[in-house]
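Counting convention: from 1, in listed order, for ligands and their atoms alike.
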Amino acid sequence: MKSETRVAVIGGGVVGASVLYHLTKAGWKDVLLIERAELTSGSTWHAAGGMHTVNGDPNVAKLQQYTIELYKEIEQISGQSCGVHITGGLMLAGTRERLDWLKMAKARGRYLGMELEIISVDEAARLFPLLDKKHFKGAMYDPIEGHVDPYGVTHAYAKSAQLGGAEIVRHTRVTDLKARSDGSWDVITDHGNVHAEYVVNAAGLWAREVGRMVGIELPILAMEHQYLITGDMPELKGKKEQLHCIDFEGELYLRQERGGMLLGTYEKAGVPWSPTQTPWDFGRDLLANDLDRIAPSLEVAFEHFPALGDAGIRKVVNGPFTFAPDGNPLVGPVKGLKNFWVACGVMAGFSQGGGVGLALSRWLIDGDPGGDIWGMDVARYGDWTTRAYTNAKVRENYSRRFSIRFPNEELQAARPLRTTPIYERLQAANAVFGDYCGLEHSLWFAPTQGAKDEFSFHRSNDFPHIAAECEAVKNSVGLLEISNYGKFEVKGPGAAEWLSHVMANRVPAVGRIALTPMLNERGKLIGDFTMCRAAPEHFLLIGTYAAETYYLRWFERHHRSSGVSIRPCAMEYVGLSIAGPNARALLQELVRDDLSTAAFPFLSFKRMEIGMVPGYVGRVSFTGELGFEIWVTTDYQRALYDLLVSAGRKYDLRPFGGRALNCMRVEKSFGTWAREYRPIYGPLEAGLGRFVDFKKEEFIGRTAALEERGGGGALRLVTFKLETADADALGDEPIWHDGRVVGWVTSGAFGHRVNHSLALGYVPAAIAGATSGFEIEIIGERHHAQPLSEAAYDAKGSRMRT
Ligand SMILES: Cc1cc2nc3c(=O)[nH]c(=O)nc-3n(C[C@H](O)[C@H](O)[C@H](O)COP(=O)(O)OP(=O)(O)OC[C@H]3O[C@@H](n4cnc5c(N)ncnc54)[C@H](O)[C@@H]3O)c2cc1C
């Protein structure tokens with residue numbers, strides 16, 4: 001083994017091998033892969049090798065497409081067969097809801113160029129004769145599905161990487177990692193040490209243990225997973241290879257394996273494996289079978305595919321593989337550690353391994369993953385992902401792998417975990433809660449205790465109550481808890497200068513607020529913040545909580561060594577917002593400061609005493625109404641809530657939740673992070689051009705943003721008024737124009753104040769000005785979509801500025 005290398009990749013499973021190949025492909029030849037045993041000695045060797053392109057996140061789906069297309073390339077370079085069988089695949093719907101879900105998945109696939117097709121049960125039975133038609137209502141056909149040989153794929157990546165200059169050492173275990181002061185690493189192994197500029201943790205089943213070598217606890221857990229292979233079946237003899245098939249109701253997948261069928265399950269009673277420590281001596285071992293655990297799924301299988309019942313079982317495989325709480329990979333540089341990267345938690349290595357390697361190599365070499373990989377970014381998790389939290393969420397995710405997640409369905413595992421001081425008050429007010437980063441927050445308020453969401457793709461039981469909440473905000477005043485935002489305190493003599501460098505808008509004067517995008521060097525949106533200036537050297541930055549670690553990692557990368565301190569303080573400052581035409585009158589009863597527009601205009605920010613409660617008051621609005629946000633330390637939140645509720649009685653103050661807020665911000669065409677604002681859009685495209693201050697001589701992304709302004713950008717965010725009966729757009733639906741798919745929806749909602757359905761979405765800039773010809777596809781049906789030239793509600797913004 002060499003003693004110096006640019007990158008040391010730890011782990012020779014399919015993911016580590018792909019990372020290594022992509023680094024060499026991008027031109028980095030001085031790279032080394034270290035493998036404890038033989039290549040594939042973790043989860044990889046016993047995988048079923050299935051692959052498909054469909055994923056709930058279109059950006060992850062794109063990387064899955066890329067992975068599948070890559071197999072030809074690595075076969076050609078290496079001469080090693082990947083054993084690719086593209087059989088095509090069927091996803092079977094046993095219920096009407098599942099068929100709706102498939103229609104939505106097909107629609108999402110449209111703008112990714114996927115040729116998915118909804119077919120009848122008869123057609124499905126023609127393609128997959130083993131099924132018993134009476135259990136199904138329809139199916140989706142995907143021509144690009146199949147399976148590969150896990151050994152072949154891993155070795156094809158590895159050989160291609162070696163031909164590109166990489167070194168691979170086997171039977172060498174990394175036992176420790178020691179950081180040097182320059183950010184490089186001493187990689188300690190049982191066969192000597194190597195000094196590496198970068199380390200990539202692709203240790204799969206042992207990624208958690210490798211993480212612990214550098215003091216982090218990665219949110220991953222291995223689950224046992226079983227599949228069985230039947231004896232030879234006469235039904236398959238002499239026939240073309242059977243399709244890949246998913247039966248959601250049975251929580252199972254099927255494919256042909258030689259003369260029999262391979263049948264795997266994601267059973268409800270899934271079991272974690274080695275929840276605290278993966279043994280180092282585990283290798284090419286299998287776990288003891290437990291067919292009782294998967295018996296309910298097998299019973300469904302024998303009913304739905306009767307021939308399986310007579311086929312007998314030739315072999316059972318029970319092996320572990322790792323998951324993150326949401327089932328997507330963990331990729332990228334780790335906050336707080338220089339030059340330490342991860343590529344782990346990959347639960348579908350043969351669909352995702354190539355995409356993970358591509359994103360990581362681009363990111364490491366160019367400083368940018370080259371696309372939108374928020375759904376896989378290791379920074380989407382924060383401190384709340386304790387080991388027990390991860391355990392509960394991974395078990396839930398595994399058991400729901402083939403379940404429908406309805407848009408209004410909140411998952412229940414690991415709840416309630418984090419609550420704010422007014423949680424019981426909100427409970428008493430009949431709040432229906434959701435979970436965001438482990439924190440309970442109110443979604444809507446019901447008329448009685450114990451209300452629950454009725455899960456649906458259509459409008460549901462919350463609809464009239466959200467309407468009433470929006471009505472209250474429009475006509476009088478509503479109260480919303482806003483604790484679930486990320487907050488950062490930026491202080492010091494260099495604070496203003498640093499913010500001016502990192503944020504695209506001008507830094508506000510003392511007592512003022514500026515809304516600002518944060519751009520990367522490519523001029524793309526990586527954040528949107530409310531920047532509040534409390535004192536010359538004291539700022540409060542408010543942004544998306546889920547992106548706290550993501551932002552901190554960016555701040556760390558662009559930190560100036562002196563004169564500025566940046567401190568996350570999300571749960572130190574919790575907040576309440578009041579909004580509506582009576583918001584000022586209500587708050588004025590509680591503060592001595594003059595809240596008139598002359599004294600405290602829109603976008604003002606000031607320390608005030610609200611009754612006995614000290615806090616920061618900002619005059620901002622995400623609802624479009626006259627509004628105030630009040631930030632207090634946690635110990636004061638309950639007193640503040642009681643004060644506002646008590647003073648609000650005479651104004652019929654009504655609590656409202658996150659869903660009403662969503663309806664109102666869509667009416668105002670206000671975007672939000674991870675929906676309208678993502679690293680694939682520029683500020684002009686996203687309608688944030690007015691928040692970029694080109695008068696500043698310097699800020700990150702300025703050159704690229706100027707280019708965007710000059711060239712006009714490729715896309716435009718457009719607001720559409722929709723004609724729908726009982727279902728609104730949710731996000732990711734295709735936008736059609738003159739019979740062609742031209743874009744995608746980012747958010748949708750019913751606008752209760754304007755009394756029609758709305759959607760926000762991106763279309764090519766060239767057609768953004770068209771006034772007709774648009775349609776949006778919702779649950780398989782295209783609906784007329786009228787583009788609006790301005791926000792649907794109070795476009796001039798006079799209500800919030802009043
Ligand atoms: C029964 C079963 C069926 C599956 N079916 C499918 C399927 O059909 N389709 C699909 O896409 N996926 C499937 N999977 C999941 C798939 O196996 C994983 O997504 C994939 O193998 C993950 O690869 P990896 O490289 O991240 O991890 P691993 O395969 O676990 O590789 C990690 C490697 O790192 C090495 N290593 C760890 N620590 C060190 C160290 N300290 N020093 C040196 N080396 C180290 C290990 O020896 C190992 O070789 C299945 C998994 C199982 C268990």
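The proximity of Phe323 to ligand 1, defined as any non-hydrogen pair under 4.0 Å, does not occur for either the backbone or the side chain. If you look at Trp45 next to ligand 1, there are no close heavy atoms at all, none under 4.0 Å. Contacts between Met347 and ligand 1 below 4.0 angstrom, taking non-hydrogen atoms only, involve the backbone exclusively. The part of Trp206 lying near ligand 1 is the side chain, judged by heavy-atom distances below 4.0 Å. Contacts between Thr172 and ligand 1, counted as non-hydrogen atom pairs separated by less than 4.0 Å, involve the backbone only. At a heavy-atom distance under 4.0 Å, only backbone atoms of Pro320 (N, CA, C or O) approach ligand 1.
Exactly one of His195, Lys178, Arg180 qualifies for a side chain to side chain donor-acceptor pair (under 3.5 Å) with Asp186. That residue is Arg180.
For the 3.5 Å distance criterion, the side chains of Thr53 and Asp142 qualify, holding a donor opposite an acceptor. With hydrogens and angles left out, the side-chain atoms of Asn397 and Arg401 include no donor and acceptor closer than 3.5 Å.
At under 3.5 Å, a nitrogen or oxygen of Gly50, whether backbone or side chain, sits near a nitrogen or oxygen of ligand 1. Checked by distance only, ligand 1 and Ala343 stay at 3.5 Å or farther apart across all their nitrogen or oxygen atoms. The shortest N/O to N/O separation between Ser41 and ligand 1 falls below 3.5 Å.
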Inset, instruction - Check the pair Glu145 / His85 against side-chain hydrogen bond (donor to acceptor under 3.5 Å, both in side chains), numbers first and verdict last. - result: CA-CA 8 Å; Glu145 263 188 50; His85 291 237; over 6 Å; no

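Centroid-to-centroid, the aromatic rings of His225 and Tyr253 come within less than 6.0 Å. Close placement of the Trp185 and Phe340 rings is indicated, their centers lying within 6.0 Å of each other.
A cation-pi arrangement is found for Arg173 relative to Trp280, the charged atom lying closer than 6.0 Å to the ring centre and inside a 45° cone about the ring normal.
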